Amino acid sequence: KPQAIIFDLDGVITDTAHLHFLAWRQVADEIGIVIDEVFNDSLKGISRGESLQRILHHGGKAGAFSPEACAQLAERKNRLYVHSLRQLTVNSVLPGIRELLMTLREERIPVGLASVSRNAPAILQALNLSSCFDFCADAALITRSKPDPEIFLAACAGLGVDPQQCIGIEDAQAGIDAINACGMLSVGIGKGLNGADLLLPATEFLTWPCLSAFWQHDK
Ligand code: BG6
Ligand code: MG
């Protein structure tokens with residue numbers, strides 16, 4: 001058995017990746033920058049401040065805003081995003097995830113969260129999933145976004161497990177790269193992810209029998 005399974009949040013546990021996109025699209029639009037879902041893929045797993053820098057760069061406005069103006073833009077995006085989180089309910093958990101978390105409990109496999117979102121604790125609460133996680137790495141203590149492995153290493157440290165004996169689950173390229181960088185086995189959800197040790201098309205395929213077979217085959 002793996003020593004622990006560590007989950008990304010946005011796009012794996014619930015579809016907040018889309019809500020991040022809608023909030024950024026509005027803020028970008030207000031400063032004359034157009035972003036689409038394809039560009040948004042490059043923001044997944046990237047911290048709030050760095051996401052803004054990437055959007056400004058994308059719109060040819062890198063350096064056009066003072067640090068104070070950037071802080072205000074990031075703050076505006078977060079207010080829009082947090083407002084949109086009101087629509088989350090216990091039914092917003094992606095298919096198969098609640099069942100998987102319950103099975104991991106029965107199998108006594110520790111579960112961790114590695115999200116760079118400062119809104120992660122509130123989201124888990126809205127989904128009524130907080131008690132399913134043994135340790136959630138604190139995004140406020142992280143200095144480097146994915147693809148740096150820092151947040152996954154923090155989750156492993158909090159659980160007291162060896163990264164090389166764990167599985168990480170991600171929907172973003174930056175996240176897969178972060179998992180691989182700390183020697184964990186990586187599971188990617190979705191299309192077009194490079195380097196995932198196991199790639200599944202959607203969360204409904206993410207079951208304990210599937211993960212268990214993958215672990216026994218690849219370890
Ligand atoms: C990640 C998301 O989980 O969290 C990113 O994939 C987001 O899109 C990042 O920018 C930071 O989130 P927040 O909620 O702290 O702004
Ligand atoms: Mg994600």
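Computed from a predicted structure; not experimentally measured. Whatever order the structure lists them in is the order used to number ligands and atoms, beginning at 1.
Of the heavy atoms in Ser115, only side-chain atoms (C-beta onward) come closer than 4.0 Å to ligand 1. When heavy-atom distances to ligand 1 are checked against a 4.0 Å cut-off, Val116 comes that close through both its backbone and its side chain.
Near Gly45, the atoms of ligand 1 lying under 4.0 angstrom from a non-hydrogen atom of the residue are 2 (C), 5 (C), 6 (O). Short contacts between ligand 1 and Ser51, defined as distances under 4.0 Å to a heavy atom of the residue, involve ligand atoms 10 (O). Annotation for ligand 1: atoms under 4.0 Å from non-hydrogen atoms of Arg118 are 13 (P), 14 (O), 15 (O). Listed by atom number, the atoms of ligand 1 under 4.0 Å from Arg48 heavy atoms are 10 (O), 11 (C), 13 (P), 15 (O), 16 (O). Below 4.0 Å from some heavy atom of Asn119 lie the following atoms of ligand 1, by number and element: 13 (P), 14 (O). Shown in contact with Ile46 at under 4.0 Å from a heavy atom are these atoms of ligand 1, numbered in order with element: 5 (C), 7 (C), 9 (C), 10 (O). The atoms of ligand 1 that sit less than 4.0 Å from any heavy atom of Leu43 are 5 (C), 8 (O).
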(message) Apply side chain to side chain donor-acceptor pair (under 3.5 Å) to residues Glu150 and Thr143 and explain how you reach the verdict.
(response) CA-CA 8 Å; Glu150 188 178 4; Thr143 57; 3.1 Å; yes
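Residues Val27 and Ile55 share a single hydrophobic cluster, defined by chaining ILVMFWY side chains whose heavy atoms lie under 4.5 Å apart. Taken together through direct or relayed side-chain contacts under 4.5 Å among Ile, Leu, Val, Met, Phe, Trp and Tyr, Val187 and Leu94 form part of one hydrophobic cluster.
Ion pairing between Lys146 and Asp8 holds under the 4.0 Å rule for side-chain N and carboxylate O. A salt bridge is defined here as a Lys NZ or Arg NE, NH1 or NH2 lying under 4.0 Å from an Asp or Glu carboxylate O, and Asp134 with Arg108 fails to meet this definition.
Side-chain contact check for His20 and Lys44: no donor-acceptor pair (N or O, by modelled atom type) lies under 3.5 Å. For the residue pair Asn194 and Asp177, no side-chain donor N or O sits within less than 3.5 Å of a side-chain acceptor on the partner.
The main-chain N or O of Leu19 is never found under 3.5 Å from a side-chain atom of Thr16 such that the two would form a donor-acceptor pair.
In terms of polar-atom proximity, defined here as any N/O pair under 3.5 Å, Trp24 makes no such contact with ligand 1. In terms of polar-atom proximity, defined here as any N/O pair under 3.5 Å, Lys44 makes no such contact with ligand 1. At least one N/O-N/O distance between Ser117 and ligand 1 falls below 3.5 Å.
In terms of protein heavy atoms, atom 2 (C) of ligand 1 is closest to Asp10 OD2, 3.3 Å.
For Asp171, the N, O or S atom closest to the Mg ion (ligand 2) goes by the atom name OD1. Looking only at N/O/S atoms, Asp8 comes nearest to the Mg ion (ligand 2) through OD2. Among heteroatoms of the N, O or S kind in Asp10, O lies nearest the Mg ion (ligand 2).
Residues Ser145 and Asp148 are not in side-chain contact: their nearest non-hydrogen atoms beyond the backbone lie 4.5 Å or more apart. By the 4.5 Å heavy-atom criterion applied to side chains, His57 and Ile33 are not counted as neighbours.
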